[in-house]
Amino acid sequence: MTTNLKSIALGISVATALAASAVNPVFPGWYADPEGIVFGKEVWIYPTLSRLYGDDVEKYKADLERKFDRNIGEFVLQTHFDAFSSPDLVNWTKHPEILHIRDVPWVKYALWAPAIVKKGDKYYLYFGGNDIKNNDEVGGIGVAVADRPEGPFKDAIGKPLIGEIVNGAQPIDQYVFLDDDGQYYMYYGGWGHCNVVKLNDDLVSVGKFDDGDTYKEVTPKDYVEGPFMLKRNGRYYFMWSEGGWTGPNYRVAYAIADSPLGPFERIGTILQQDPEIATGAGHHSVIQIPGTEDFYIVYHRRPLDRTHHNERATCIDKLEFDKDGFIKPVKMTFTGPEAITIK
């Protein structure tokens with residue numbers, strides 16, 4: 001069987017992608033900011049819809065404004081989330097429109113950068129909405145709930161969970177981390193600042209730390225956005241994106257700490273552009289296959305022959321550690337991961 005790697009890299013060949021045994025990007029289409037997670041015996045990816053703005057943007061905008069009776073901003077085409085599931089990291093099923101702006105009344109435009117957790121029999125999907133620039137605007141980090149990983153998800157609280165700019169951190173790019181003691185933490189923030197908050201047991205409200213603080217800034221050197229936390233062998237691996245998301249030098253760096261609150265001292269870059277593969281590699285998550293030491297980094301990148309800021313595609317490659325527990329630099333590939341079985 002032959003595979004047209006170029007057409008898949010451009011995100012335009014659905015039929016070829018379905019026939020492939022292993023390839024990057026892992027599914028066709030422009031998708032960014034991927035959140036990867038294991039539910040049961042399947043891997044799920046929840047990305048941002050990274051559509052291009054074409055000649056028909058004004059038509060879409062007018063139709064949506066009539067439909068929802070509200071003004072629509074510049075991110076007019078980021079109206080919903082799709083999700084993808086796979087039993088083996090190779091064959092993917094698309095689950096369209098798991099959450100739409102029509103189901104979140106306070107969002108006028110731009111659903112982006114999702115994160116998800118499961119607790120009990122409920123799935124909690126966190127997302128950015130409206131790209132606010134000041135505290136007079138309505139928007140920020142929201143949360144929706146569903147009974148299944150493919151939704152449909154519905155807005156849980158009717159307003160942003162975090163809807164203000166604190167410590168200079170724009171409320172975007174949230175990641176929810178469950179520590180071994182059962183405490184859920186949310187790391188989030190753009191504009192070069194990162195905060196962490198505690199989530200209450202209901203997962204739809206924010207709690208306080210022992211000292212009474214609600215927000216703690218944990219910004220490491222060169223941080224821009226896209227935080228992620230991984231715990232391995234009792235150590236906290238904090239990762240983030242650096243550079244500009246629209247440019248070629250977008251990249252991922254990391255730190256290691258003994259506490260979920262840091263301090264996080266930058267160690268080095270683990271994912272960056274490759275002149276033979278792609279540019280703009282960043283805004284990632286990490287999947288660990290249950291019961292194994294197999295880790296995979298899920299991220300977006302821009303094909304070498306593409307320059308539009310929204311031409312971003314979701315990819316997966318191996319994430320490995322050296323004997324001292326440091327993360328090895330990730331090698332981007334066109335082949336992607338080999339097929340796996342989740343036990």
Side-chain angles (χ1 to χ4, degrees), residues 3 5 8-9 11 17 20-28 31-47 84-92 115 175 177 226-243 250-256 266-304 312-343:
T3 300
L5 292 178
I8 292 195
S21 58
V23 70
N24 265 330
V26 291
F27 40 75
Y31 290 96
D33 315 329
E35 167 91 344
I37 192 168
V38 176
F39 290 135
K41 294 185 178 182
E42 291 185 313
V43 174
W44 286 75
I45 293 179
Y46 298 81
F84 298 83
S85 62
S86 173
D88 55 13
L89 294 182
V90 173
N91 299 289
W92 294 88
Y175 175 71
F177 167 69
F228 182 86
M229 176 64 78
L230 167 70
K231 191 173 186 180
R232 178 178 181 267
N233 295 336
R235 308 170 80 187
Y236 296 86
Y237 290 76
F238 186 58
M239 310 176 205
W240 62 90
S241 291
E242 301 175 346
Y250 204 48
R251 59 193 180 272
V252 175
Y254 83 110
I256 303 175
R266 188 185 191 278
I267 293 175
T269 302
I270 58 172
L271 178 69
Q272 59 186 326
Q273 63 178 320
D274 184 329
E276 301 297 324
I277 303 290
T279 66
H283 201 127
H284 78 299
S285 55
V286 176
I287 296 169
Q288 180 180 9
I289 304 305
T292 77
E293 275 293 297
D294 295 331
F295 293 85
Y296 297 87
I297 187 169
V298 188
Y299 62 98
H300 74 242
R301 70 193 192 197
R302 188 170 293 111
L304 292 175
R312 301 172 293 173
T314 293
C315 301
I316 302 178
D317 280 302
K318 287 284 290 183
L319 182 82
E320 298 178 313
F321 299 81
D322 68 18
K323 61 181 179 60
D324 297 315
F326 293 103
I327 300 176
K328 297 180 180 180
V330 174
K331 173 62 178 175
M332 291 195 292
T333 69
F334 286 120
T335 55
E338 296 181 355
I340 65 165
T341 299
I342 301 176
K343 297 181 180 180

Just so I know, are the side chains of L230 and F295 near enough to count as touching, which here means a heavy-atom distance under 4.5 Å? yes

Say whether, by atom type as modelled, one donor and one acceptor occur between the side chain of T279 and the main chain of L304 under 3.5 angstrom. no

Out of R312, H284, H300, which one pairs with P34 under the side-chain contact (heavy atoms from CB on, under 4.5 Å) rule? H300

Centres of the Y250 and H283 rings: under 6.0 Å? no

If every non-hydrogen atom of T314 is compared with every non-hydrogen atom of A32, which pair is closest and at what distance? OG1-N, 4.2 Å

With distance as the sole test, does Y296 use its side chain to make a donor-acceptor pair with the main-chain N or O of P337 at under 3.5 Å? no

Counting distance only, does the side-chain N/O of D324 pair as donor-acceptor with the main-chain N or O of F326 below 3.5 Å? no

Distance (rounded to the nearest 0.5 Å) between D33 CG and Y299 OH: 14.5 Å

Aromatic F321 / basic K328 pairing, under 6.0 angstrom, 45° off normal: no

Is the shortest side-chain heavy-atom distance between V252 and S241 below 4.5 Å? yes

Over all heavy atoms of both residues, which pair between D88 and V90 is shortest? Give the atoms and the distance, please. OD1-N, 2.9 Å

Would you call the rings of Y46 and W44 parallel, tilted or perpendicular if under 30° counts as parallel and over 60° as perpendicular? parallel

Would you say I45 and W92 make side-chain contact, with heavy atoms under 4.5 Å? yes

Calculate, to the nearest 0.5 Å, the distance between atoms CZ and CD1 belonging to R232 and I256 respectively. 9.0 Å

Roughly how far, to the nearest 0.5 Å, is the CG atom of L271 from the CZ atom of R301? 9.0 Å

Is the count of non-hydrogen atoms from other residues, nucleotides or ligands lying under 6.0 Å from E276 atom CD greater than 12? no

A quick test of your reading: do over 12 heavy atoms of other residues, nucleotides or ligands sit less than 6.0 Å from NZ of K41? no

Taking the side chain as every heavy atom from C-beta outward, state whether F84 and P47 have any atom pair closer than 4.5 Å. yes

Taking C-beta and beyond as the side chain, do L89 and V26 meet within less than 4.5 Å on heavy atoms? no

List the steps and the verdict of side-chain contact (heavy atoms from CB on, under 4.5 Å) for D294 and K318. CA-CA 8 Å; D294 295 331; K318 287 284 290 183; 3.7 Å; yes

Heavy-atom pair of closest approach, residues G36 and S285: N-OG, 2.8 Å

At their closest point, which heavy atom of A253 faces which heavy atom of E242, and how far apart are they? CB-OE2, 3.3 Å

CG of D274 to OG1 of T333, rounded to nearest 0.5 Å, is 10.0 Å

Report yes if the side chains of V38 and Q288 come closer than 4.5 Å at any heavy-atom pair, otherwise no. no

Could you state the interatomic distance from CD1 (I297) to CD1 (I316), rounded to the nearest 0.5 Å? 10.5 Å

Inter-residue atom distance K343.NZ - T341.OG1, 0.5 Å rounding: 8.0 Å

